[in-house]
Structure formats: C-alpha cells, structure tokens
Amino acid sequence: MGNKLELTWYGKEEPLKIEPRLLIENVKLSYGCDNDGITDNMLIHGDNLLALRALEKEYTGKIKCIYIDPPFNTGQAFEHYDDKMEMSIWLDLMRSRLQIMHSLLSAEGTLFVHIDDAYLPYLTILMDEIFGRINRMYLITFKQGAATGHKAINPGCVTTTNFILIYAKDKNLWKPNKVYTKRGRDDRYGKFITNIDASYKDWNIITLTEAFADYIKEDISTTRKIIKQNPMLLEQFVIENAKSVIRTARPDIKSVGKDIQDKIVESKEKPNDILYLQRENRPDMYFINGERILFYSNKLKNIDGEWVSAEPLTTLWDDILSNNLHNEGGVSFPKGKKPEHLIKRIFEIATQPGDIILDSFLGSGTTIAVAHKMGRKFIGIEMGEQAYSHCKVRLDLLIKGKDASGITKSVNWQGGGGYHFYELAPSLIVNDIFGEKVINPEYNADMLAATVALHEGFTYQPDESIFWKQSKGNEDSFLYVTTKHITGAYIDSIRDMMADNEYLIIACRSYDRGIEKAYKNIAVKKIPQMLLSKCEFGRDNYDLNIIHPLEYDEEDCDE
C-alpha cells in the first residue's frame, strides 16, 4: 500500500500522451486587432486538452487566473453538452487538464473550479494530489437557484447550490485582494449623533428613529409605520448620514491594549462623558459609559461606484442571482450560462488589470467577456460550435460597445479592444492509404518545422542568415527540420559552419546510412519515426462529454 492519500481509478497508471499542436490563426475571424495586430487576447476553437497542450510552450508560468466550469457528470443531457459519463474517464481526462493548468499558472496564480455536489469530493482529492492540499484555499458555496418549480415537487432536500474550489499555485506567494459584498442595513446601529461636526465632548445622541422622524418631519408613530412599509427609505438615510449613525459595543477588556483598558475604566467612572483616545497609525477611538462608539461610515464600501453597506466576502455567495441570464451577452445558452457578476467577483479576488486569465470550458463566453470588460488579457478555449455561434458573437458585440448587459454598467465598459481567433492544427502524423505512418500532407515546411520543434522542446525561431539554425534550444543547441534526403556531403557542409560548442539535431525524411554517427555534435533523426513514441497521434477529441464510455468490470475500479 502506498504511503500517501490519493484517489485511484481504472486506467490511472496509463497517463495520456497528448500531441503538441500548433495554433493557427484564422485571420478572417479575428476581430478588433489594431493595425499591427498586437493583442494578447486569444479565442481558440478546438479540443481543450489539445489546446492546453498547445499553450504550454509559450504560457507556462504566465497565467494569473484560471476559471473552469467543466461538465458535471449529472447524467442529464443538454443541447450543447451530453453530460453522461463514466467516472473513471471523467477523472482521467480532468487530471490531464488540471496538470497542464498547474504548469500554466504563475507562481502567484489561482485556479477556480466550478463543480456540483456529486463530483466535489472526487475533484477535491484529485486537486489535492496535483496542487497539494496545503494550497487548497477555500470552498465557495454558490447559491444558483431557489426551491421552486419542478425541483420542489420531490421529497427530501432541494438542491439550490453548487461549489467553487479555489486553489493557489503556491500558498506562500498567494496574495488575494480584499473584496467586499453589499449587505442590508445593520440594525444594531440604532443611535444618531445630531451634531457630528461639533466637538466630541458636546455630541448629542438620540435614537435613529428619532433622527429619521425629524428628517421626514413626522411623529415617531407615523415614522415607524413608514419604515415598516418602505425600509429602503431608512437605509438610504443611514447611508447618506453614515458618519452620524452609531452603535456602542463593549470591548473585551482582556484582549485589548493597556491604553484602551485605561480609557474603558475612565469611561465607566464618567458614564455621561464622551472620551477620546488618539492612536498613532491606527484609527482613533471614542467611548461612552465604558463602551466603544462604532460609526456606520466604517461599514460603507464603494462597490461598483456606489457607497453601500458592505461586509468582507465570505465563502457563502448567495447574493448573485443566476436568473434572467438568457439575454446576458447577447447570446442564449440555456442552463449553461454563468452570471457575469460571478466571474467579476472571481477576478476581483485573484487578478489585477493586465493579468492573463484562462477558461478552457468557455461555453457561451462569459469568462472572456468579463475579462475584457475588466481590462484583463484572456485566453478562451471552446471545443464546440458555440466558439463561433456564441463566444465570437459575444466578443464582437462588446468590442463594438453594443453589449449593455451583465457588468457593463458597473465597470463603465465603453467598447474597444480585440482578439485573435485560432484553430488547432491537424495531427502531424497520419496513416497513408497503405496504413503507414506519414507526415500529414496538409503540413507545409514551416508548419512541419514549428511542430517538430514543439515535440523536441525547441523554440521555432529561424535565423535570418544561417539556414540550419531554424529552432533554438538552450544557448548553443539548435534544431533543423527538412524534407530533404541528407547526404554525407550535406552534413559535412553544415559541420564546417558550426562552432565547436554548438549542437545540432537534424530531423529529415531520410539520410545516408552511417551519417548519424559522423559527428558527436550532430544528431540525425528520421521523421516521423523519431516522434511516434512521444505521443498519441491522430486523436482530435479528448472530450469530457463521452456518450459511450469504455466498459469494464466494476471490481476493476477503485474510486
């Protein structure tokens, strides 16, 4: 038995070998790029596991925030996603994705995974294994519905929530932002200082109801009826006069400093006086009758340009409604669309303007739409047709300034920006008519060289003057890919151009026998044979939404 806690399943010991693919821009679908085509924003159509693999070379350690909403294995069938899947396949394919996401995240980065209660325990253990349990930061409970409709008919509990798992790449480097949420009026603040601008010694304190009655010019009895009928009137009065609205609280005298203890004792001895304690580098304090005076103004925060009663964000998110989303973003995505305000909150926790965010289960495009409106750079991946029908349409509308929904008003979005649209290149190696493994005829010379460089861990960066310095590894190593037959004379001519400390790999279709051993600093390899064992070729779909999963005996799977 192993000495670590982990989740096991059928096929776990046979990790997937994902083919690295090129991302090829479809310039006809790219939109809003400036004259130089300079933008970091990417919308990618294709299998998201292959797309994640394609991003590794350039984006490892660069993504600040990843949010994903993978298909939940609920056994329900939706228009865009067939969600019925066998557990082991789901875990296997999720692990492969999460491992790449872990490598893509920056050291300070954060991963948010949206999941339901059925798969939460499995996913948690899986992510603990990949990210480390110590880097599991929070479990958010998200209220996405109410106990109404057909759900409320069945006996037992009605499911109205799902969950968001939050993991840091490195807890020691993780620096989340302080986020506040709007809350209703705190009715413990029931007193009012009528002359707040006077000296604290002369403050006159009455009840909040009396202050509001004086404001609306009504008697107390009528004022109480008005408050009961329309509590928002009192709440607005409190916000507008927050510096005068107070409550008192008895401090725990054992847990405060001596200066505060002394002031509390003095205040008890002078119960009718208001005492003041000035403190260096910390808020000043006021006391009456042994209790501290707390001001409502300290509870107000500016949220989306509005001063409101607020409290620090908790792990229960019950204030973001998931209803009336059908028109958000200008696209319809029944039962699959997440509120823009939910994604906004996630970015507020873990990002700053200019950070790169990633969503590899893009759906209707909510994540990248919110990222763009909030001034973040984005990479969005969608394997389905909604990459064209939803994600692109949604982005184009907001770039044109024609999307007034979601968070548009709260972030004052006016339009602008752009993105590049990419497709995945086809598999590098295919079978010919005789069943032999050959280089895909759709590949031109540049595509072939760039793809082989990906496989070999080189960066495709052709030298302007030296043809064989086509791709670069470390400082002195190079890769040269050609469809030519390599002869001894040809390799001799290249060796004459090389410095003694340089190393070269030549990948070619064929070569003269024996020349692969001619020089210690030149390796000659034949394609596609050099690549066949590296990964799985010819597979274009690692879809989590598998309709017909593999069949095997139940006893073979230890979940």
Side-chain angles (χ1 to χ4, degrees), residues 19-59 63 67-69 79-81 104 328-333 336-337 340 343 356-403 405-406 408 413-428 440 442-444 446-447 450-451 454 460 540-543:
E19 178 187 3
R21 303 275 188 99
L22 292 180
L23 293 173
I24 301 174
E25 183 175 3
N26 185 333
V27 294
K28 293 182 179 180
L29 296 182
S30 297
Y31 188 81
C33 302
D34 58 28
N35 293 332
D36 297 323
I38 300 174
T39 177
D40 295 310
N41 297 329
M42 304 171 66
L43 175 55
I44 303 169
H45 174 246
D47 180 88
N48 60 10
L49 185 51
L50 289 167
L52 287 169
R53 181 79 170 88
L55 292 170
E56 277 192 295
K57 180 66 177 176
E58 183 176 351
Y59 285 94
I63 307 297
Y67 168 83
I68 59 171
D69 179 20
E79 177 184 354
H80 298 283
Y81 289 131
L104 292 175
E328 195 166 271
V331 294
S332 177
F333 199 67
K337 192 185 290 184
E340 288 196 6
I343 307 302
I356 304 175
I357 66 91
L358 167 68
D359 184 348
S360 59
F361 293 91
L362 201 50
S364 67
T366 303
T367 303
I368 58 175
V370 172
H372 198 55
K373 291 178 183 180
M374 294 180 68
R376 277 63 170 170
K377 301 173 184 176
F378 65 77
I379 301 173
I381 304 169
E382 176 50 51
M383 64 183 73
E385 286 300 307
Q386 56 265 30
Y388 309 103
S389 61
H390 291 69
C391 305
K392 175 174 172 53
V393 170
R394 187 169 189 167
L395 277 178
D396 292 354
L397 285 173
L398 73 90
I399 289 171
K400 294 174 184 176
K402 295 184 178 181
D403 175 14
S405 63
T408 296
W413 174 250
Q414 302 293 323
Y419 64 93
H420 294 287
F421 195 105
Y422 292 90
E423 305 277 2
L424 279 170
S427 183
L428 173 61
N440 193 326
E442 294 184 37
Y443 275 65
N444 59 35
D446 288 336
M447 288 176 63
T451 305
L454 277 178
Y460 182 60
D540 293 320
N541 191 327
Y542 291 89
D543 197 343

Is a side-chain N or O of [X] found less than 3.5 angstrom from the main chain of [Y], in a donor-acceptor match?
{"X": "W413", "Y": "M374", "result": "no"}
{"X": "D403", "Y": "L397", "result": "no"}
{"X": "K392", "Y": "L29", "result": "yes"}
{"X": "Y443", "Y": "P426", "result": "yes"}
{"X": "D359", "Y": "I68", "result": "no"}
{"X": "E382", "Y": "C391", "result": "no"}

Distance, nearest 0.5 Å, that separates [atom1] of [X] from [atom2] of [Y]:
{"X": "I381", "Y": "L52", "atom1": "CD1", "atom2": "CG", "result": "4.5 Å"}
{"X": "K377", "Y": "I63", "atom1": "NZ", "atom2": "CD1", "result": "10.5 Å"}
{"X": "D47", "Y": "E19", "atom1": "CG", "atom2": "CD", "result": "11.5 Å"}
{"X": "I368", "Y": "I44", "atom1": "CD1", "atom2": "CD1", "result": "10.0 Å"}

Does D446 form a side chain to side chain contact (heavy atoms under 4.5 Å, CB included) with Y460? I'd like the steps, not just the answer.
CA-CA 9 Å; D446 288 336; Y460 182 60; 3.1 Å; yes

Tell me the closest heavy-atom pair linking [X] and [Y], and the distance in Å.
{"X": "Y31", "Y": "K400", "answer": "OH-CE, 2.9 Å"}
{"X": "A450", "Y": "L22", "answer": "CB-CD2, 3.8 Å"}
{"X": "I24", "Y": "A425", "answer": "CD1-CB, 3.6 Å"}
{"X": "G417", "Y": "I399", "answer": "O-CG2, 3.3 Å"}
{"X": "L454", "Y": "P20", "answer": "CB-CB, 4.2 Å"}
{"X": "G418", "Y": "N41", "answer": "O-ND2, 2.9 Å"}

Mind checking what makes side chain to side chain donor-acceptor pair (under 3.5 Å) contact with T366, not counting sequence neighbours?
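Residues passing side chain to side chain donor-acceptor pair (under 3.5 Å) with T366: S364, R394.
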
Mind checking side chain to side chain donor-acceptor pair (under 3.5 Å) for Y67 and listing every partner two or more places apart, or none if nothing turns up?
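Listed in chain order: H114.
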
Check the pair M42, L23 against side chain to side chain contact (heavy atoms under 4.5 Å, CB included), reporting the backbone distance first and the verdict last.
CA-CA 10 Å; M42 304 171 66; L23 293 173; 3.7 Å; yes

Parallel, tilted or perpendicular: which describes the rings of F378 and Y419, with under 30° parallel and over 60° perpendicular?
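Ring orientation of F378 relative to Y419: tilted.
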
Salt-bridge criterion met for K402 and D396 (N-O under 4.0 Å):
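Salt bridge: no.
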
For side chain to side chain contact (heavy atoms under 4.5 Å, CB included), just list the numbers for F421 and V27, CA-CA rounded to whole Å, side-chain angles, deciding distance to a tenth of an Å, and then say yes or no.
CA-CA 7 Å; F421 195 105; V27 294; over 6 Å; no

Check salt bridge (Lys or Arg N to Asp or Glu O under 4.0 Å) between R53 and all other residues, then give those that pass, not counting sequence neighbours.
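Result, salt bridge (Lys or Arg N to Asp or Glu O under 4.0 Å) vs R53: E56.
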
Carefully, step by step, assess R21 and D540 under the rule side chain to side chain contact (heavy atoms under 4.5 Å, CB included).
CA-CA 10 Å; R21 303 275 188 99; D540 293 320; 2.8 Å; yes

Step by step, would you call E340 with S405 a side-chain hydrogen bond (donor to acceptor under 3.5 Å, both in side chains)?
CA-CA 9 Å; E340 288 196 6; S405 63; 4.6 Å; no

What I want to check is whether the side chains of H45 and Y422 have a donor and an acceptor closer together than 3.5 Å.
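No.
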
Can you confirm whether L43 sits close enough to L362 that some side-chain heavy atom of one is under 4.5 Å from a side-chain heavy atom of the other?
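In short, these two side chains touch, coming nearer than 4.5 Å.
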
Any side-chain heavy atom of I357 sitting closer than 4.5 Å to one from T367?
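Heavy-atom side-chain distance check passes, below 4.5 Å.
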
